[in-house]
Amino acid sequence: MASTTTTEASGLRRAVTGPLLYLFILGDVLGAGVYALIGEMAGEAGGLVWLSFAIALAMALLTAFSYAELVTKYPRAGGSAVFAEKAFRSPLVAFLVGFCMLAAGVVSAAGLSLAFTGEYLTAFLDVPQVPAAVVFLLVVALVNAWGIKESLRANVVMTVIEASGLVLVIVLGAWVIGRGDADLGGAFIPPEDSSVGLAVLGSALVAFYSFVGFETSANLAEEVRDVSRVYPRALFGALATAGAVYVLLGFVAPAVVPPSELAASSGPLLEVVRAAGAVSPELFAVIALVAVANGALLTMIMTSRLSYGMAKQGLLPAPLARVLPRRRTPGVAILVTTAVAVVLAATGELVDLASTVVLLLLFVFLSTNVAVLVLRRDDVDHDHFRSPTALPVLAIATCVVLLTQQEAQHWALAGVLVAVGLVVYLVTRWATRTARARDERA
């Protein structure tokens, strides 16, 4: 088997072990989505939030199988863009896929900064949202630049805290149910003024945002030790853990707090804590802030590594491939992606940003699921995970269905971002050709 334990001295440091990768994925999947958006789900699906989470988990797992195969087959930074380039042999297609992934990450980080500076933060500090979001993103950038191992160690601590917070909500909800102060029927209340099927599907689309994040781990492929063995275990273990937590949350929350009240709150899980009365709401607000901060950190780790990988492929300007000499982190990419996230945080709304993330990622997932089928005829010289053929086919159908559920304003924002990306791509290609022609004349 070809070794996957070494990298070039000038490249990224291979310092990510199996447990660190599991916690990276778990920390990226758990947290901000459920802390901030479960109320939106209740507003759409009524008490059937748990069913929406289960459907979203199934949809996420279909695409996760494709990632497990491709990451272990081609363990390089760049993730989905690398897969698209190999499958479709088109720099433009590879760029569009990679840029959709990159844009989704930056948009997600902007949304998380707004979630951080919302009701959970104002429980302690009455500060303007946009300036606070900017400061938050700058702190995340500094941690990211510090180093991958240091960033993931911070992730370990924050993941334990955020997972404990979600488990705490489940335990408190079960306690309220056990003492007879909850209505179990609340978890089965159908949505108002809408068919159950369409409402649950719409809610599952929001829930899907809570599961996206697993794909960011593909961009750590060059930094994972023994990736062919470690990656699938960490990926499926993290998704199974997150899925169990989410389904339980989706059951107890509408049983303890009526779905209409969850929908009206910007801190829906805080309402469950208040209903239990056994834990300080301020303590839980701190846990929620840690969860959102962790999601933002992991997302910005992904966007900087993806920018780095795309720059090495010649799809983005070359300076993005520069690494800090001592820290071995992609410093220029961290700076640029943070600046874009700041602009989006200053101009966007949380729900719209979250929905735009899903839209952009659906195109990435569609490409990845097609790529895994196309690349079946490409043999490599090391062992790797192999997905059952039916699963990427089902995943493709799922992505198409979810794309039909997106709203016009989300298509518009995604279109603007992709158009900006195309301009950057064309300028990069022109600069590359010009430099090559100059070198040939010399």
Side-chain angles (χ1 to χ4, degrees), residues 77-111 113 134 137 141 215-216 218-219 299-300 302-323 330-349 352-368 371 403 406-439:
S80 300
V82 171
F83 310 148
E85 183 183 40
K86 285 186 172 293
F88 310 120
R89 301 186 183 279
S90 167
L92 178 58
V93 172
F95 172 79
L96 288 173
V97 171
F99 193 81
C100 281
M101 182 80 178
L102 176 60
V106 176
V107 172
S108 180
S113 72
V134 171
L137 288 169
E215 76 287 344
T216 66
N219 298 286
T299 299
M300 292 307 285
M302 179 277 292
T303 58
S304 58
R305 269 58 180 184
L306 179 54
S307 300
Y308 165 88
M310 291 178 69
K312 286 186 70 176
Q313 291 178 267
L315 299 173
L316 286 177
L320 291 169
R322 295 175 184 169
V323 297
V332 176
I334 291 170
L335 178 63
V336 172
T337 53
T338 299
V340 177
V342 166
V343 172
L344 290 170
T347 58
E349 299 290 337
D352 288 333
L353 291 173
S355 296
T356 304
V357 169
V358 173
L359 173 57
L360 290 163
L361 287 180
L362 284 173
F363 282 106
V364 175
F365 293 167
L366 192 59
S367 169
T368 300
L403 282 170
Q406 292 289 338
E407 298 180 8
Q409 67 266 29
H410 307 141
W411 284 97
L413 177 56
V416 169
L417 291 170
V418 172
V420 170
L422 279 173
V423 171
V424 173
Y425 171 77
L426 293 173
V427 170
T428 301
R429 297 283 288 182
W430 174 81
T432 300
R433 285 196 298 267
T434 301
R436 187 181 298 120
R438 186 171 56 249
D439 291 343

Do Val97 and Glu85 have side chains that approach each other closer than 4.5 Å (heavy atoms only, starting at C-beta)?
no
Starting at OG of Ser108, measure out to CG of Leu360 and round the result to the nearest 0.5 Å.
10.5 Å
Of all the heavy-atom pairs spanning Gly421 and Phe95, show the shortest one and how long it is.
O-CZ, 2.9 Å
Identify the heavy atoms of Gly98 and Leu306 that sit nearest to each other, and give their distance.
O-CD2, 3.4 Å
Tell me, with the steps shown, if Leu102 and Thr337 meet side-chain contact (heavy atoms from CB on, under 4.5 Å).
CA-CA 9 Å; Leu102 176 60; Thr337 53; 4.1 Å; yes
So, do Leu316 and Tyr308 sit near enough that their side-chain heavy atoms are less than 4.5 Å apart?
no
Interatomic distance, Thr356 atom OG1 to Trp411 atom CH2 [nearest 0.5 angstrom]
11.0 Å
Less than 4.5 Å apart, side chain to side chain, heavy atoms only: is that true for Val332 and Val323?
no
Considering non-hydrogen atoms only, spot the tightest contact between Leu137 and Ser113 and give its length.
CG-CB, 3.9 Å
If we only count heavy atoms from C-beta on, is the Leu359 to Leu413 side-chain gap below 4.5 Å?
no
Report the C-alpha distance between Val358 and Gln406 in whole Å, list the side-chain angles of each, state the deciding distance to 0.1 Å, and finish with yes or no for side-chain contact (heavy atoms from CB on, under 4.5 Å).
CA-CA 9 Å; Val358 173; Gln406 292 289 338; 3.7 Å; yes
Work out which heavy atom in Ala321 is nearest to a heavy atom in Ala311; give both atom names and the distance.
N-CB, 3.6 Å
Decide yes or no for Ser355 and Gln409: does some side-chain heavy atom of the first lie under 4.5 Å from some side-chain heavy atom of the second?
no
Just by distance, do the side chain of Thr347 and the backbone of Val343 share a donor-acceptor pair under 3.5 Å?
yes
Between Val424 and Pro317, which heavy-atom pair has the shortest distance, and what is it?
CG1-CD, 3.8 Å
Distance (rounded to the nearest 0.5 Å) between Ser307 OG and Lys312 NZ
13.5 Å
Pairwise side-chain contact, Leu361 with Cys100, heavy-atom cut-off 4.5 Å (strictly under):
no
Rounded to the nearest 0.5 Å, what separation is found between the OG atom of Ser367 and the CG atom of Leu362?
12.5 Å
How long is the gap from CD1 on Ile334 to CG on Leu320, to the nearest 0.5 Å?
11.0 Å
Which atoms form the tightest heavy-atom contact between Phe99 and Leu417, and what is the distance?
CE2-O, 3.0 Å
Point-to-point distance, once rounded to the nearest 0.5 Å, from CG of Leu344 to CD of Glu349
12.5 Å
Tell me, do Thr338 and Val106 make a side-chain contact under 4.5 Å, heavy atoms counted?
no
Check: Phe363 and Leu403 side chains under 4.5 Å, non-hydrogen atoms:
yes
Testing Leu426, Thr428, Thr434 for side chain to side chain contact (heavy atoms under 4.5 Å, CB included) with Trp430, which one passes?
Thr434
